[in-house]
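A quick write-up on the structure given underneath.
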Amino acid sequence: MKAYEWEKKVMVEGIKDFNLKHTFECGQCFRWKEEEDGSYTGVAFNRVVNVSMKEKTLTIKNTNLNDYHSIWKHYFDLERDYSAIKQKLRKDPVLKEAVEFGWGIRILQQDIWECIISFIISSNNIIPRIKKIIENLSEKYGQPVLFGDKVYYGFPSPKDLYGVIVEDLAFLKAGYRDKFIVDAVQKVCENNISLDRLRNMPTADARKELMRIKGVGNKVADCILLFSLQKYDVFPTDVWIRRVMQHYYLGEDATVYDVQKYSSRHYGNLGGFAQQYLFYYARERKIGRKD
DNA sequence: CGCCAGGGCTAGC
DNA sequence: GCTAGCCATGGC
């Protein structure tokens, strides 16, 4: 991998195992939009960039080498050997197919606060509406960032949101989840929960700590652990994952608990990667759905 | 009308 | 520790 800067762009050569569509549309993030030319534009860490791939070269527009080394190379998880991970997972015949389908998935290293709020909003919701609620929240409370002839909005920090009450969030139409957002803002702003400390905690302890926030249960906590804290031994089990596991491995009567046991026994510390390949595969192929 | 969506909370066992 | 009913919202 070689990175160099050229006219507000960073280009990275020698990229393997990376496909933008697979990575941005496998359900781990909500703020990347495909442009007409196939590139993607998104906001993360209060910065707007446009990314595109040509052959083995990744181009990141509207950035510089400094930000590349401090933010984007970690955000896109470019230093991890996904070939080795996929090779291990391929031993399972179902995962072999899922990996071939979503071969270019990389698990983004996202901001933990954005993850907490985004996945609280995600519970018992549908992806297009989750995206809209997050967009509306950012537009109202986030920091404006210019790119081209457009205004984008960074995801609001805990400080940006401090003091909001449930009534303030009614415009989001987030349903019963608005009070969970208020609770998360309070706990983080009042140092009731320390996000910095979570990174160095074992998975189970970090999960328990996250679940002290209202609206954060097992599944939401696992998404936060996987997508922002690099805890790869989790296996977030939602309706799609449960269906695909029932369909291929466990049968109709399998509970979420059964799925968790199966993943820890068979995937171990690669559970998070397996989950992403399976989720993308299941959702794109509508595995287990009647329509 | 009913069912469902990247579930969680609460009560009850 | 595990489950049933409930929960806002909106599309179908």
Side-chain angles (χ1 to χ4, degrees), chain A residues 22-32 98 102 105 107-108 110 112 114-137 165-187 193 204 207-229 231 234-247 250 252-264 271-291:
Chain A
H22 297 170
T23 295
F24 294 135
E25 294 179 19
C26 69
Q28 60 178 325
C29 55
F30 302 102
R31 301 206 67 197
W32 288 89
I105 291 175
I107 298 184
L108 302 173
Q110 303 183 62
I112 182 171
E114 179 173 343
C115 254
I116 290 172
I117 300 301
S118 297
F119 282 94
I120 283 175
I121 292 167
S122 81
S123 76
N124 199 28
N125 211 338
I126 56 172
I127 291 182
R129 192 181 303 135
I130 298 165
K131 290 180 177 174
K132 196 182 287 180
I133 293 171
I134 293 171
E135 222 42 54
N136 289 340
L137 182 67
I165 56 176
V166 174
E167 286 75 14
D168 295 330
L169 299 179
F171 76 101
L172 288 177
K173 298 193 183 301
Y176 55 83
R177 306 170 192 86
D178 49 14
K179 55 183 177 291
F180 299 153
I181 297 174
V182 171
D183 181 64
V185 171
Q186 277 179 359
K187 282 206 170 72
I193 181 166
R207 179 191 287 115
K208 206 176 289 178
E209 187 71 6
L210 282 167
M211 285 173 65
R212 291 180 44 237
I213 301 171
K214 287 178 191 166
V216 179
N218 271 304
K219 190 269 173 181
V220 169
D222 283 355
C223 284
I224 299 164
L225 292 166
L226 179 58
F227 300 140
S228 71
L229 292 175
K231 305 294 188 191
V234 300
F235 195 78
T237 304
D238 62 10
V239 290
W240 286 100
I241 283 295
R242 188 157 67 103
R243 277 201 288 259
V244 73
M245 297 304 280
Q246 287 171 333
H247 182 78
L250 300 170
E252 271 186 30
D253 297 331
T255 64
V256 174
Y257 192 67
D258 298 326
V259 173
Q260 291 287 309
K261 271 195 303 190
Y262 184 91
S263 76
S264 71
F273 299 102
Q275 193 270 2
Q276 283 298 281
Y277 293 116
L278 288 168
F279 178 81
Y280 185 61
Y281 181 70
R283 214 166 73 87
E284 298 284 315
R285 293 284 183 87
K286 300 189 187 299
I287 302 291
R289 291 221 56 181
K290 283 158 194 161
D291 54 0

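Just so we're on the same page: letters track the sequence lines, and every chain starts at 1. This structure is a prediction, so every number in the text was calculated from the model and none was measured.
Rounded to whole Å, atom P of C:dC7 lies 13 Å from atom CG of A:Asn124. Distance NZ (A:Lys132) to P (C:dA8): 21 Å, rounded to an integer number of Å. Regarding A:Arg242, its CZ atom lies at a distance of 12 Å from the C1' atom of B:dG6, rounded to whole Å. Summarising the geometry, the separation between CZ on A:Phe227 and C1' on B:dG6 is reported as 9 Å, rounded to the nearest angstrom. Distance CD (A:Gln260) to P (C:dC2): 11 Å, rounded to an integer number of Å. When rounded to the nearest whole Å, the span between CD1 of A:Ile134 and C1' of B:dG6 equals 11 Å. Put simply, CG on A:Asn125 is 10 Å from C1' on B:dG7, counting in whole angstrom units. As a whole-Å value, the separation of A:Ile127 CD1 from B:dC4 P is 18 Å.
Rounded to whole Å, the P atom of B:dG6 lies 22 Å from the corresponding atom of C:dT3. Comparing the P positions of B:dC4 and C:dG5 gives a spacing of 14 Å, expressed to the nearest Å. Comparing the same atom, P, in C:dC6 and in B:dC1 gives a spacing of 16 Å after rounding to whole Å.
The minimum heavy-atom distance linking A:Tyr277 with A:Ala98 is given by the pair O-CB, 3.8 Å. Across all their heavy atoms, A:Cys29 and A:Leu108 have their closest contact at SG-CD1, 3.8 Å. In plain terms, the two heavy atoms of A:Ile133 and A:Lys173 that are nearest each other are CD1-O, 4.0 Å.
Note on A:Arg177: a base of the nucleic acid sits closer than 4.0 angstrom, heavy atoms only. Residue-level contact check: A:Thr255 touches the backbone only, with heavy atoms under 4.0 Å from sugar-phosphate atoms and none from bases. Using a 4.0 Å heavy-atom criterion, one finds that A:Asn218 contacts the sugar-phosphate atoms exclusively.
A side chain to side chain donor-acceptor pair (under 3.5 Å) check over residues 217-229 of chain A, counting only residues at least two apart or in different chains, returns the pairs A:Arg207-A:Asp222.
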Which donor-acceptor pairs under 3.5 Å do the side chains of residues 210-217 of chain A make with protein atoms, sequence neighbours left out?
unit_1, atom_1, unit_2, atom_2, d
A:Arg212, NH1, A:Asn192, O, 3.3
A:Arg212, NH1, A:Glu209, OE2, 2.9
A:Arg212, NH2, A:Asn192, O, 3.3
A:Arg212, NH2, A:Asn192, OD1, 2.4

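Across B:dG8, B:dA5, C:dC7, the shortest atom-to-atom separation from the side chain of A:Ser123 is found for B:dG8. For A:Val220, counting side-chain heavy atoms from C-beta on, the closest listed nucleotide (B:dA5, C:dA8, B:dG7) is B:dG7. The side chain of A:Tyr176 lies closest to B:dG7 when the candidates are B:dG7, B:dG6, B:dA5. Of the candidates C:dA8, B:dA5, B:dG8, the closest approach to any side-chain atom of A:Val239 belongs to B:dA5.
Evaluated for a side-chain contact (heavy atoms from CB on, under 4.5 Å) with A:Ser122, the options A:Ile127, A:Asp238, A:Ile130 yield exactly one hit, A:Ile130.
At a cut-off of 3.5 Å, with distance as the only test, a side-chain donor of A:Thr255 or A:Asp258 sits close to an acceptor on the other residue.
The backbone N or O of A:Ala254 lies less than 3.5 Å from a partner atom in the side chain of A:Gln246, making a donor-acceptor pair. Counting only distance, with no hydrogens or angles, the side chain of A:Gln28 and the backbone of A:Thr23 share a donor-acceptor pair below 3.5 Å.
Here A:Phe24 pairs with A:Trp32, A:Tyr40 under the ring-ring contact (aromatic ring centres under 6.0 Å, His included) rule; sequence neighbours left out. The ring-ring contact (aromatic ring centres under 6.0 Å, His included) check on A:Phe227 picks up A:Phe119, with sequence neighbours excluded.
Judged by ring centres under 5.5 Å apart and planes tilted less than 30 degrees, A:Trp240 fails to stack against the six-membered base ring of B:dG6.
Taking 3.5 Å as the limit, the base of B:dG6 and the side chain of A:Lys219 contain a donor-acceptor pair of atoms between them.
Stem analysis of DNA chain C (at least three stacked-register Watson-Crick or G-U pairs, each with both distances under 3.5 Å) gives B:2-5 with C:9-12, B:7-13 with C:1-7.
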Protein-nucleotides 9-13 of chain B N/O pairs under 3.5 Å:
unit_1, atom_1, unit_2, atom_2, d
B:dC9, OP1, A:Gly215, N, 3.0

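Two residues, A:Lys173 and A:Tyr257, neighbour DNA chain C, and the one matched to the more 5' nucleotide by heavy-atom proximity is A:Tyr257.
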